[in-house]
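Notes follow once the structure below has been shown.
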Amino acid sequence: MMKNPLRHGGDHLANVLSKWNISAIFTLCGGHISPILVGCEERRIKVVDCRDERNAVFAADAWARMTGLPGVAAVTAGPGVTNTITALKNAQLAQTPLVLLGGATATVLKGRGALQDIDQTSLIRSAVKLELKCSTVAQLAPTLERALRECRAGVPGPVFVEVPVDVLYPEALVREWFVKEAGVEHPKTLGQRALKLYLEGHLLRQFHAPHVDVTQFVPEPPVLQNTAALLDEAAALLETAERPALVIGSQAMVNVRDATSLSRAVEALGLPVWLGGSARGLLGRHNPLQFRHARGKALKEADVVVVCGFPFDFRMKYGFGIGARAKVIAANLSADELSRNRTPDVAVRLHPGEFLQRLAAKVRPAPAWQGFIDACRAREVARDDEIRAKAKATGEKVDPIHFFLRLEEHLSDDAVLVVDGGDFVATAAYVLKPRAPLSWLDPGVFGTLGVGGGFAVGAATARRDAQVWVIYGDGSSAYSLAEFDTFARHGYAPIAVIGTDASWQQIARDQVTILGSAVGTGLRFTSYEQVAEGYGGKGLLLTDPAKVDETLAEAKRLAASGVPVCINVHIARTDFREGSISI
């Protein structure tokens, strides 16, 4: 037991995290935030230090998705904070609850040219739900409490908390710093005595003033709708439907610690279902109600479409992907997303997971649906057969469809799939089947390249004993391959698969067709497996299609021994995804 549990500001913050059962914090160290890391370490909160601030936030994002608790990252001031903006925006659009603790220059030096002193909150404001600042030690705990509540409330998202260096370090040391920097250790002039007096007053407020919260946490105003009546209306539409369809998006999984009740509710409803984003894997690998192909055709044919936690964005053709005569039922935490681009016939502002569970209590599968389910199943089987027919088990390089068909058979029941890339990753999505809820991690609607290393760190932290796979394109891998160093240092053993075709192929494919040039899209057949070895992992090069199973088995053996593995797969180019440009 610690003799003095509150020696510095970092202890105050760590106490709050411990109270919230936050068992890990992700970071890249810096002098501004050292007390936070030490305070966490002393309270047995795992400090996972990454090689890039973005990856620390990506890791917190993945950890939050998989645990149902807020993710927490801490980064140093200035460039440490600005490096996180892409990852914060990704979390905001993915609606992931997380808190970023950002270091800042000393309060008394703000705006005077101190090291890394910039207006951080203005830069970060558009990427977070809320930005908060601490200026006294007494504010630290209640501010972090508020941030943790706010990031989960309403439409979840990231919250930024700025913590100046002088509210984190011990009072005696800060006092020494201030007096020494001001040159008033032994004041002689009236001006020096006045400055020392001002500093003493400032320090007194900073360390001993009580906290008076004038911005109490205010919950969102109540939603003025009769939820029970809307649920009855949705149930009535489904009872008369002949061709119903269900689409579930990532928001249904937000703040979910155990998805068992949700998956049971979806099964009880008996609707043919398409899962997107973090909802992939909700029904396991082989559920007969789950479909992955021909969603567009089904939504055009459906007479009632239930959309849960999935906005009417480009993935849904802005609402036009659903037949004009279909009745649309939508559940979403966001009032904006409920009606953007297409107005539902029944719009329920409610957590999509709760909506589905309450709806399942009112609706049971109807015999009339079976014909539509059978038609969807026939299309599913036909598309799977078509994909398998395109696979080539021989050639100078490895056919990506053949590779993923073999990988599908090697994945364990606890496998977590992290996907980070374009063409290669999109091919994987047609073939690989997530095994369980909260076991598929993609960037979300922002489509951010570079999430792989950070997401894998977060996944390995959340599920230490699970088999974690990272599916990279060769372009995207370079953003975060350095996190192999993090894997090695923390004893994590994910398996990274890099599909190498020496090209930003998703862009090159259509750029060449439309504009007649591959400029800017060329790469090299880089030895990524050797790069991973340099960071402490084990590298495997796969160029022979006949050695796919052998290589995958070796990778699994190495990972089981505690070594992170990188498989560099030299892949053949295919026409599988011609015309797949997204804009």
Side-chain angles (χ1 to χ4, degrees), residues 238 241-249 263-264 266-277 279-308 310 315-317 321-323 326 365-394 399-413 415 417 419 423-437 439-440 442 471 545 548-549 552 574-580:
L238 286 171
E242 295 182 356
R243 300 178 306 281
L246 172 60
V247 179
I248 303 177
S263 60
R264 287 175 179 167
V266 174
E267 289 180 336
L269 275 170
L271 300 170
V273 59
W274 284 261
L275 304 170
R280 288 171 60 102
L282 178 62
L283 299 182
R285 185 183 183 190
H286 293 305
N287 192 287
L289 294 172
Q290 178 177 253
F291 300 95
R292 297 178 300 120
H293 307 310
R295 185 181 74 186
K297 187 170 181 61
L299 295 184
K300 281 293 187 183
E301 294 175 350
D303 55 1
V304 177
V305 177
V306 184
V307 181
C308 290
F310 203 121
R315 296 167 294 178
M316 296 279 282
K317 297 185 178 178
I322 299 171
W369 301 351
Q370 193 58 49
F372 185 56
I373 292 174
D374 290 344
C376 292
R377 177 58 55 196
R379 286 195 288 259
E380 186 86 357
V381 171
R383 181 57 171 150
D384 279 337
D385 288 345
E386 180 185 355
I387 291 170
R388 278 193 291 270
K390 288 179 175 289
K392 298 176 182 178
T394 60
D399 176 76
I401 299 176
H402 170 67
F403 176 82
F404 286 124
L405 286 170
R406 299 312 309 145
L407 176 57
E408 168 65 15
E409 300 307 317
H410 280 267
L411 297 178
S412 66
D413 290 339
L417 293 167
V419 294
D423 203 59
F424 187 61
V425 164
T427 301
Y430 280 92
V431 178
L432 301 181
K433 300 173 183 176
R435 275 26 182 187
S439 60
W440 173 275
D442 63 28
I471 313 300
V548 170
D549 286 289
L552 290 172
T574 73
D575 61 359
F576 178 60
R577 299 189 62 253
E578 289 287 356
S580 57

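Computed from a prediction, not measured in an experiment: that's the story for all the values here.
Of all heavy-atom pairs spanning L405 and A391, the tightest one is CD1-CB, 3.7 Å. Nearest approach of W274 to A245, heavy atoms of both residues: CZ3-CB, 4.0 Å. Of all non-hydrogen atoms in H402 and K392, the two that sit nearest each other are CB-O, 3.4 Å. Between F372 and A298, the shortest heavy-atom contact is CZ-O, 3.7 Å. Residue R292 comes nearest to A429 through the heavy atom pair NH1-O, 3.8 Å, listed as atom of the first residue, atom of the second, then distance. Shortest non-hydrogen contact noted between S439 and A415 is CB-O, 3.5 Å.
Under the 4.5 Å side-chain criterion, counting only non-hydrogen atoms from C-beta, L417 is not in contact with R280. Within the 4.5 Å cutoff, the side chain of D442 has no heavy atoms near those of the V425 side chain. Annotation: side chain of L271 is in contact with side chain of L238 (closest heavy-atom distance under 4.5 Å). With contacts defined as side-chain heavy-atom distances shorter than 4.5 Å, the pair Q290/E380 does not qualify. Two residues are said to be in side-chain contact when any heavy atoms from C-beta on lie closer than 4.5 Å; L432 and V419 fail this criterion. Using a 4.5 Å heavy-atom threshold, the side chains of I471 and F404 count as touching. No side-chain heavy atom of P545 sits under 4.5 Å from any side-chain heavy atom of T394.
For the salt bridge (Lys or Arg N to Asp or Glu O under 4.0 Å) criterion with E408, the lone passing option out of K433, R388, R435 is R435.
Put simply, the side chain of D303 never gets that close to the backbone of A241: no donor and acceptor are under 3.5 Å apart.
Interatomic distance, CZ of R315 versus CZ of F310, reported as 4.0 Å (0.5 Å rounding). In this structure, E301 CD and E242 CD are separated by 13.0 Å, a value rounded to the nearest 0.5 Å. With rounding to the nearest 0.5 Å, the separation of CH2 in W369 from CG in L289 is 10.0 Å. A distance of 7.5 Å separates CG in L246 from CG in L275, rounded to the nearest 0.5 Å.
Qualifying side chain to side chain donor-acceptor pair (under 3.5 Å) partners for D549, counting only residues two or more places apart in sequence or in other chains: R406, H410. In this view, R264 satisfies the side chain to side chain donor-acceptor pair (under 3.5 Å) rule with no residue, not counting sequence neighbours.
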Stepwise side-chain contact (heavy atoms from CB on, under 4.5 Å) check, H293 with I387: CA-CA 11 Å; H293 307 310; I387 291 170; 3.8 Å; yes

side-chain contact (heavy atoms from CB on, under 4.5 Å), that's the test. Do T574 and K390 meet it? Break it down for me. CA-CA 9 Å; T574 73; K390 288 179 175 289; over 6 Å; no

Quick one, F291 with I373, criterion side-chain contact (heavy atoms from CB on, under 4.5 Å). Give me CA distance, side-chain angles, the key distance, then yes/no. CA-CA 10 Å; F291 300 95; I373 292 174; 4.3 Å; yes

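Counting heavy atoms of neighbouring residues, nucleotides and ligands inside a 6.0 Å radius, atom NZ of K300 exceeds 12 of them.
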